[in-house]
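Encoded as structure tokens, the structure appears first; notes follow it.
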Amino acid sequence: MRAWNRAKLLWAYLTKRADVRGLPVEYIVETTAKCNLYCPMCPRETHKQPKEDMVDEVFNRLVAESRTTGEHMMLIGLGEPLLDPKIFDRIERCERHGISTLLSTNGTLLDEKNAARLLATPLKHITLSFDGAKKESFEFYRKGASFERVRNNFVQFARMKHERSAAMQIVVQMVVMEGNRGEVDEFMRFWSAVPGVDQVRIKADETNLMRPEAHHAPEEWRHPCHYLWRGPMYVKYNGDVYPCCQSYMLDGKPAGNVARQDLVQIFNSGQMQEWRELHATGRAHEIDMCARCCTVIPHPLLVAGSLVFHGETVRKLLPLVERLVYLSKLPKKWLSPVKRQ
């Protein structure tokens with residue numbers, strides 16, 4: 001069923017159909033809107049969030065409706081997942097329905113107890129966010145966090161995983177920004193040497209807060225955005241569903257609400273089909289949120305590849321592809337850069 005769903009999504013993307021006969025492969029699910037840090041590049045600073053968690057009814061309905069088509073859920077959003085008291089139960093529920101899961105954490109709460117609890121779950125992937133190789137840059141971008149404490153938490157977690165021979169994939173991620181751009185090599189050297197770390201991810205900054213002038217020029221929309229066909233769709237803590245994580249942060253309207261509508265209705269709503277039509281005809285820049293977006297646009301070959309393989313496999317390969325592009329071992333046009341004014 002999942003492979004057939006991917007085939008339908010691939011066909012719809014390649015033929016640029018506005019009406020898609022499948023459901024997303026991936027979802028970004030904000031199980032909590034609570035966070036314990038201030039980060040200048042985070043959209044929380046322009047979109048104030050309530051101290052709320054996703055209720056069971058919304059989460060359980062999402063999982064139930066995507067159980068035969070969804071392959072991967074990133075239990076992240078504008079909150080810190082370890083502040084969600086039910087996060088471990090949510091990982092288990094996804095696993096029971098055959099959906100792999102990913103967490104991304106700022107590490108402040110990843111002490112030995114929580115590390116052991118996470119390693120005891122069927123969580124498939126975890127991203128350890130560590131934006132800098134030096135104390136000054138890290139603590140500038142992660143205000144409220146201690147460089148030494150978070151680094152020690154991450155190193156301890158990776159070593160615990162290594163000692164237990166756990167299958168969980170650990171990716172240490174650095175988002176490249178102006179203040180840490182010169183630390184990439186040092187960052188890669190340090191984390192590549194830590195036992196238990198599977199990959200080091202060097203990721204472009206895809207928010208507009210630190211560089212509000214960044215965007216795609218109209219002529220750069222040569223290819224339609226994959227989010228509209230394969231996902232991941234972004235589900236807010238209150239059940240609002242957006243075509244991607246950037247659309248919420250760029251003040252786009254939700255395509256629906258999973259608490260009140262079926263996923264099929266949302267994914268093929270009139271609004272979603274209108275957005276796909278504009279992307280398919282090279283007019284994505286006419287959509288306000290897309291005109292202001294600075295997320296990279298993958299080459300159609302990469303999108304097609306992401307629908308040939310299972311979503312869990314794609315999530316494992318993504319950091320490697322990004323790293324190869326960053327190191328110029330793959331054509332940069334495969335991940336189209338944004339225009340800089």
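With no hydrogens or angles considered, a side-chain donor-acceptor pair links Y234 and E30 at under 3.5 Å. At a cut-off of 3.5 Å, with distance as the only test, a side-chain donor of E80 or N106 sits close to an acceptor on the other residue. A donor-acceptor contact closer than 3.5 angstrom is absent between the side chains of S100 and E71.
Contact of the T68 side chain with the L23 side chain is not registered, since no non-hydrogen atoms from C-beta on lie closer than 4.5 Å.
Here M174 contributes atom CE and L128 contributes atom CG; the two are 15.0 Å apart, rounded to the nearest 0.5 Å. Rounding to the nearest 0.5 angstrom, the gap separating the CG atom in N60 from the NE2 atom in H97 is 8.0 Å. Interatomic distance, OG of S192 versus CG of D198, reported as 11.0 Å (0.5 Å rounding).
The backbone N or O of D84 lies less than 3.5 Å from no partner atom in the side chain of D53, so there is not a single donor-acceptor pair. R2 places a side-chain N or O within 3.5 Å of a backbone atom of R67 that can act as its donor or acceptor partner. No side-chain donor-acceptor contact under 3.5 Å links D262 to the backbone of V264. At distances below 3.5 Å, not a single donor-acceptor pair connects side-chain atoms of K135 with backbone N or O atoms of F147. Remark: side-chain polar atoms of E183 are not paired, donor with acceptor, to backbone N or O of N180 under 3.5 angstrom.
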(request) Please lay out, stage by stage, how T127 and R201 fare under the test side-chain hydrogen bond (donor to acceptor under 3.5 Å, both in side chains). (result) CA-CA 9 Å; T127 297; R201 185 183 189 190; 5.2 Å; no
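We find that R292 and D288 are joined by a salt bridge, their nearest charged nitrogen and carboxylate oxygen being less than 4.0 Å apart.
Because its NZ or CZ atom is both nearer than 6.0 Å to the ring centre of F267 and within 45° of the ring axis, R276 counts as a cation-pi partner of that residue. A cation-pi geometry, defined here as NZ or CZ lying under 6.0 Å from the six-membered ring centre and within 45° of its normal, does not hold between K86 and F88.
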